Protein chains: 2
Amino acid sequence: MTFLDPTEGAALAVQLDGKGPLFAQVKRAFARRILDGALAVGDRLPSEERIAETLGVSRQTAHKAIAALAREGFLVRRRKAGTFVAAKRRDSFTLPIPDIGEVVAERGGVYQYRILSRREVVNGRDGLRWTDMADSAPLLELEVLHLADGVPLQVESRWINLAVAPDAVDEDFRDTPPGRWLADHLPWSTADHTVRAVGASAEMASLLEIDRGAACLLVERRTQNLGRPVTLVRFTSVGARHVLRGTTRSSTVTELGLDAGLEGAEEPRPSPGSGDGSRP
Amino acid sequence: MTFLDPTEGAALAVQLDGKGPLFAQVKRAFARRILDGALAVGDRLPSEERIAETLGVSRQTAHKAIAALAREGFLVRRRKAGTFVAAKRRDSFTLPIPDIGEVVAERGGVYQYRILSRREVVNGRDGLRWTDMADSAPLLELEVLHLADGVPLQVESRWINLAVAPDAVDEDFRDTPPGRWLADHLPWSTADHTVRAVGASAEMASLLEIDRGAACLLVERRTQNLGRPVTLVRFTSVGARHVLRGTTRSSTVTELGLDAGLEGAEEPRPSPGSGDGSRP
DNA sequence: CGTGGGATTATGTACGTACAAAATGAACCT
DNA sequence: AGGTTCATTTTGTACGTACATAATCCCACG
């Protein structure tokens, strides 16, 4: 039996810092080694038993830490084979697509919205077909204009599955916009999104008071509850007036304070390059 | 002592189905009750001890299940106060922003890229300032054009912090585009994104072979490693040729198979409404 | 009436033990 | 040579116990 294979040297050089719960210390120690490159992609970690023994903790404590890192994508585990540093092809980022009303309120503007149209329709009629759903399913169709300080920001086109949300029939959405109403009434289990840039159609241009063809951000969302379609909605926002913004940080990094200077990273910063490389 | 307060009736009506690990059964049972509305926002769950007792499992097993649901945002826990169904203002969605090369390959196209320019620069000079970083820090500036079947898809403007990634100096990025090279060489701990729609500048228009002012998707990403800036990159993609697509599903829903018919949801579906409401 | 300080309760962490399940690799048999 | 079985390693789950920690509630005291 070998006492120390080469990789074990690096893997076991982790050190606990005595701050916070034990399992968090173990977690942080390994996460730091991975992020600073001491543990490279593909490296094998010692077994839980060995880690526990070396660090002087119980096996469950080691397990809790290592399993959490695996859950977050830092490690890959295979029974009998062992635990390995994951090839983090991490190209998934959380991008909040917030309620437009909240965005406006945060910017200190006055938020308003107008219900442009509201009618009950049937799937499969009038050139309308929502393919996740059965034909002839009853839908509520809404068109909403969102404004900030009286300036149009976004057009919302929404279809609500009345079979799942029958209460929506009795709602006029005068006090609560449909997005918020749905969030308050129906949880969803799955959401599909597409994000694209489009030129404004003639209709959109007049609604949003912009030039035809002007760049707009089009976000489409389909949500489901336990497999049943809940709502399909399209947000068309004026490109020059609306931006999506988000930070992605694994919970290990957040909880364990691995990133330094996190403050001051919120406000918009001047961009490198002369101009922003997009507008003339 | 009350034997059954009103909420406990609903909370304890959960039932194990005997499939898979015990803790997963407990997790699934409660998740289902939350999603189907039997447990409404604000409802209080019985204590771990009580749940364990009622379901005939140990307290740690109940704890593991309930703690996992709390981690995923279904529940909120407060010592002494108890466990409550969370007001899920869930407006965060994971949106993969994939490597453009992989996107093209998946669509069956021929992917190519061209390094348009590559130079070493210094922060704070020539109108360039990356405010996360110290002035006079050495940077590598790159401009890359990505093509599918010879058609321009995306322009990538990138700055790499040479203090953190010194190896980049010796890399000509002929065989590996900078995005992939970085992913393989440097893990990141934090990523900030902004997504917006912009009209193509004259320069962009000529590079991408589109009309000036045509809608483009502009994605900006800043990544850090343990608090140190790694790279800042802007992707400008032709709106008509590129879409971001993503599915958000809590891991409970995925792992425990709570959503029905998940298959067949991948391919693009015809849209409701006549036309897609965006292009003339 | 307010307030401060416990007793109480619920969650959080930790350890030991035990067994289950999966996957590897080696011995074995044909 | 080739495939199959089986022992072994490693992770995964489960239970019991114990104590730590936070927050609430309530009572006693000023």
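Predicted, not measured: the structure shown is a model, and the values here were computed from it. All chains are named by letter (A, B, ...) in the order of the sequence lines, taking the proteins before the strands, and each is independently numbered beginning at 1.
- Comparing C:dT11, D:dC15, D:dT10 by their nearest atom to the side chain of B:Ser47 picks out C:dT11.
- Rounded to an integer number of Å, the gap from CZ of B:Phe84 to P of C:dA10 is 11 Å.
- Relative ring orientation between A:His146 and A:Tyr111 is described as parallel, the plane-to-plane angle staying below 30° on a 0-90° scale split at 30° and 60°.
- The separation between A:Leu45 atom CG and D:dT9 atom C1' is 16 Å, rounded to whole Å.
- In this structure, of D:dT13, C:dG12, C:dT13, it is D:dT13 that holds the atom nearest to the side chain of B:Lys64.
- A salt bridge between A:Arg174 and A:Asp172 is present, with a side-chain N of the basic residue lying under 4.0 Å from a carboxylate O of the acidic one.
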task: Could you give me the CA-CA distance, side-chain angles and deciding distance for B:Thr194 and A:Arg245, then say whether side chain to side chain donor-acceptor pair (under 3.5 Å) is met?
output: CA-CA 4 Å; B:Thr194 63; A:Arg245 207 180 288 277; 5.3 Å; no

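- Separating the CG atom of B:Leu16 from the P atom of D:dT13 is a distance of 16 Å, rounded to the nearest angstrom.
- Look at CZ on A:Arg71: it is 11 Å from P on D:dG12, rounded to the nearest Å.
- Distance CD (B:Glu53) to P (D:dA14): 19 Å, rounded to an integer number of Å.
- We find the CG-OG1 distance between B:Leu55 and B:Thr61 to be 10.5 Å, quoted to the nearest 0.5 Å.
- Under the 4.5 Å side-chain criterion, counting only non-hydrogen atoms from C-beta, B:Leu45 is in contact with B:Leu39.
- Counting non-hydrogen atoms under 4.0 angstrom, B:Glu48 reaches the backbone sugars and phosphates but no base.
- For the pair A:Phe23 and A:Arg59, both in contact range of DNA chain C, the more 5′-proximal nearest nucleotide belongs to A:Phe23.
- Phosphate contact (OP1/OP2 of D:dT13, side-chain N/O of B:Thr61, threshold under 4.0 Å): absent.
- We find that CD of B:Gln60 is positioned 15 Å from C1' of D:dG12, with the value rounded to whole Å.
- With respect to the salt-bridge test (charged N to carboxylate O, under 4.0 angstrom), the residues B:Arg59 and B:Glu48 qualify.
- Remark: B:Thr83 is not in phosphate contact with C:dA10, judged by side-chain N or O atoms under 4.0 Å from OP1 or OP2.
- Along DNA chain C, the nucleotide closest to B:Glu49 and the one closest to A:Ser58 are compared, and the more 5′ of them pairs with B:Glu49.
- The listed nucleotides are D:dT10, C:dA14, D:dA14; the one nearest the side chain of B:Leu22 is D:dA14.
- Rounded to a whole Å, the CD atom of B:Gln25 is 12 Å from the C1' atom of D:dT13.
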Review item, nucleotides 22-26 of chain C N/O atoms under 3.5 Å of protein N/O:
residue, atom, partner, partner atom, Å
C:dA22, O4', A:Arg79, NH1, 3.1
C:dA23, O4', A:Arg79, O, 3.4

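- Scored by the side chain to side chain contact (heavy atoms under 4.5 Å, CB included) test, A:Ala163 finds A:Asn161 as partners (sequence neighbours excluded).
- Rounded to whole angstrom, the span from the NE2 atom of B:His63 across to the C1' atom of D:dA18 amounts to 15 Å.
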